[in-house]
Amino acid sequence: MPETPTTNDPQAWQRFFAAECNNLAWEIASRDDLSAQDENNLLNAAFAAAYHWSQVGQPVNIARADQTLAHAHAVIAQHDNDAALASRALFYARRSLNFFNTNPGEDWDLAFAHAEMAFAAALGADRHLHEYHYRQAERLGQSIADEEDRKVFLEEFKKIPRP
């Protein structure tokens, strides 16, 4: 959890809320059965994180916020069988993947970008895209150097439909 700022600096508070909202979005997304209120809170948290990162983050933070937005849309699309939300998930996943294909990040960034592409493609019934990105995510996820980061990735990855 991010540390609560002890200053009146607006940028410190923006970073705090960006991280808090991002963590909240992933926590809500991990719930087994989402209520309509959970879905609303999930999207609000993901968009709030993206907004705050857009104000104070680096491009890498914004690309990670796109992953959170992709994941939030995909989780709700899967829960509600909603093709429009699956399409939005693909939009955000593609933006994140485009960033990490051309910019440095952590080893898990590209793995997550491919995983979110696979998730969105599965929901959009694009079998070829789903299979390609699933295999890329699987390969990259297994090669994440830090054991804890790899464990976190693999826990999330197992929730994505297999091709």
Side-chain angles (χ1 to χ4, degrees), residues 18 21-51 53-54 57 59-163:
C21 291
N22 181 76
N23 293 343
L24 177 60
W26 284 89
E27 185 272 318
I28 295 169
S30 71
R31 295 179 187 165
D32 287 332
D33 192 27
L34 298 177
S35 68
Q37 185 63 51
D38 289 334
E39 291 179 358
N40 190 53
N41 291 342
L42 173 53
L43 285 177
N44 285 339
F47 277 114
Y51 169 76
W53 282 127
S54 77
V60 69
N61 301 112
I62 294 165
R64 289 174 182 154
D66 281 341
Q67 286 180 8
T68 302
L69 284 165
H71 192 71
H73 282 84
V75 165
I76 298 169
Q78 183 179 44
H79 185 258
D80 295 348
N81 196 25
D82 187 321
L85 286 173
S87 177
R88 294 304 296 168
L90 189 59
F91 170 81
Y92 290 113
R94 187 170 279 127
R95 271 196 344 192
S96 179
L97 181 62
N98 287 343
F99 177 85
F100 288 114
N101 272 334
T102 58
N103 294 278
E106 300 295 329
D107 55 1
W108 50 265
D109 282 315
L110 189 57
F112 266 110
H114 279 287
E116 293 306 330
M117 281 293 295
F119 195 7
L123 299 173
D126 187 329
R127 189 178 59 80
H128 175 72
L129 200 64
H130 175 208
E131 186 171 326
Y132 173 78
H133 289 289
Y134 188 93
R135 299 293 173 230
Q136 293 299 315
E138 187 173 48
R139 178 182 60 79
L140 291 165
Q142 292 296 336
S143 67
I144 294 172
D146 181 79
E147 186 177 337
E148 186 59 31
D149 289 344
R150 187 173 53 255
K151 180 181 173 187
V152 168
F153 172 81
L154 293 173
E155 279 299 308
E156 282 301 320
F157 185 63
K158 72 181 181 183
K159 299 173 187 174
I160 295 173
R162 293 183 68 80

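Shortest non-hydrogen contact noted between A70 and A93 is CB-N, 3.5 Å.
A perpendicular orientation is assigned to the rings of F112 and F153, their planes being inclined by more than 60° (bins at 30° and 60°).
You'll find the side chain of F100 reaches within 4.5 Å of the side chain of V60, heavy atoms only. Residues L123 and H130 form no side-chain contact, since every pair of their non-hydrogen atoms from C-beta on lies 4.5 Å or further apart. L140 has its side chain out of reach of D107: every pair of non-hydrogen atoms, C-beta onward, lies at least 4.5 Å apart. R94 places a side-chain heavy atom less than 4.5 Å from the side chain of L129. In this structure the side chain of F157 reaches within 4.5 angstrom of the side chain of I160, judged on heavy atoms. A 4.5 Å side-chain heavy-atom check between Q136 and M117 finds every atom pair outside the cut-off. Between F99 and R95, the closest side-chain pair of non-hydrogen atoms is not below 4.5 Å.
Other residues, nucleotides and ligands place more than 12 heavy atoms under 6.0 Å from the CZ atom of R31.
The residue from D38, N44, L43 that alone fulfils the side-chain contact (heavy atoms from CB on, under 4.5 Å) condition with N40 is N44. Considering K151, K159, K158 as possible partners of E155, the one that fulfils the side-chain hydrogen bond (donor to acceptor under 3.5 Å, both in side chains) test is K158.
Donor-acceptor pairing under 3.5 Å is lacking for the side chains of R64 and Q67.
A donor-acceptor contact shorter than 3.5 Å is absent between the side chain of S96 and the backbone of Y92.
Between H73 and F47, a ring centre-to-centre spacing shorter than 6.0 Å is recorded.
Residues forming a ring pair (Phe, Tyr, Trp, His ring centres under 6.0 Å) with Y132 (at least two apart in sequence, or on another chain): none.
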